[in-house]
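Encoded as structure tokens, the structure appears first; notes follow it.
Keep in mind that this is a model prediction, so the values were computed, not measured. Numbering of ligands and ligand atoms starts at 1, following listing order.
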Amino acid sequence: MAKIVVVGSISTDFVVETNVKPAQGETVFGEDFNTSFGGKGANQAVACAKLGAQTAMIGAVGNDSFGQALIDNLESYHIDTSAVKVKENTPSGSAIITLYNRDNSIIYVGGANNKVTRSDIDDQVNLIQSADMVIVQNETPVETVQRLIEQCTACEVPIILNPAPARLLETKWLDQVTYLTPNETEFAELFSGETMDAVLSRYTNKLIITLGDQGAMFHDGKNVVTVPSYKVSPDDIVDTTGAGDTFNGALAVALANEFDLADAIRFANLAGGLSIQHKGAQGGIPTLDQMKESEHYEATWHIE
Ligand SMILES: Nc1ncnc2c1ncn2[C@@H]1O[C@H](COP(=O)(O)OP(=O)(O)OP(=O)(O)O)[C@@H](O)[C@H]1O
């Protein structure tokens with residue numbers, strides 16, 4: 001079984017639906033309330049685990065009741081949480097989402113995710129060294145991400161940096177990561193003023209730009225290659241939240257199983273396309289068995 005270590009955020013989404021927006025100082029009645037598990041790191045870890053990888057998470061929660069629920073949720077997917085720390089006097093990561101007329105306003109509090117430190121990475125060198133693939137995003141502090149890139153380089157373990165949300169990093173860091181997976185908006189923020197073709201040809205077989213319903217692009221050393229997504233009829237699209245996280249987790253699983261890059265992107269496109277046909281970021285991620293039931297699953301795709 002491929003071993004994947006995911007470093008990143010773990011948080012709860014608190015979603016309130018209302019027909020009336022409260023004015024300053026006003027209380028209104030809401031229509032509905034629900035919570036769901038999120039955080040890009042946690043979503044990507046769940047994707048790896050559901051798609052058949054032995055998955056461990058490095059991150060942090062607060063010492064509140066939400067923290068324990070976040071850990072229990074990861075464990076329900078058989079994710080190793082021994083490297084998820086509980087930070088004292090800190091809230092767990094939370095997104096407070098108000099849905100008003102199908103439009104949402106979000107207040108995100110990083111909480112414990114902002115307290116994942118360089119030494120939390122150094123404490124887990126053995127875990128990192130044992131991995132076939134590491135993934136990280138940008139919802140933990142920049143110095144932590146940089147330390148992880150250094151450790152992966154030193155241990156010669158491949159690392160995917162999913163630069164979401166976009167945050168500028170010096171070229172030396174981008175040069176050290178094995179794969180870089182922005183969506184189009186993140187690409188534009190990271191490489192403002194440059195064309196996709198120019199940057200893709202600088203980072204051959206490394207930069208993978210996700211394009212929503214168009215799939216994803218990379219440069220194979222000779223040409224820019226667009227790997228098309230699998231068509232999903234608009235009637236079947238239920239919830240696109242987390243498509244990017246599913247794509248990244250699936251990409252990691254495929255690469256850790258030694259798929260070539262174009263194949264790995266096709267596998268990730270299929271997972272991303274299936275995920276949008278169900279509600280919920282984590283709930284919508286397909287399992288490996290659900291992938292295999294798809295008519296698009298390829299006979300040459302072997303996940304150990
Ligand atoms: N409408 C769609 N039809 C088919 N596949 C899709 C669609 N939307 C997304 N995908 C799949 O999911 C991948 C990631 O989507 P996208 O580029 O929108 O990432 P994202 O903006 O990070 O997503 P999100 O923020 O919604 O999680 C795409 O490369 C594709 O494989």
* **Close aromatic pair by centroid cut-off 6.0 Å: F66 and F37** =>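 Judged by ring-centre distance (under 6.0 Å), F66 and F37 do not meet the cut-off.
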
* Would a distance-only check, ignoring hydrogens and angles, find a side-chain to backbone donor-acceptor pair under 3.5 Å from T55 to A53? ->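 Confirmed, T55 side chain pairs with A53 backbone.
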
* Asked: Between H296 and Y230, what is the ring plane arrangement, given parallel below 30°, perpendicular above 60°, and tilted in between?
  ->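 Tilted.
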
Expected list for residues 28-35: side-chain donor-acceptor pairs under 3.5 angstrom, two or more places apart:
| unit_1 | atom_1 | unit_2 | atom_2 | d |
| --- | --- | --- | --- | --- |
| E31 | OE2 | N19 | ND2 | 3.3 |

* Is a side-chain donor-acceptor pair under 3.5 Å present for K115 with T90? ->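 Yes - a donor-acceptor pair under 3.5 Å links their side chains.
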
* Only one of L261, L200, T178 forms a side-chain contact (heavy atoms from CB on, under 4.5 Å) with N205, so which one is it? ->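 Testing N205 for a side-chain contact (heavy atoms from CB on, under 4.5 Å) against L261, L200, T178 leaves exactly one candidate, L261.
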
* To do: Show the protein residues that qualify under the rule heavy atom under 4.0 Å from an atom of ligand 1, listing them in chain and number order.
  =>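 Residue list for ligand 1: N183, T210, L211, G212, D213, G215, S229, Y230, V232, I237, T240, G242, A243, G244, F247, N269, G272, G273, I276.
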
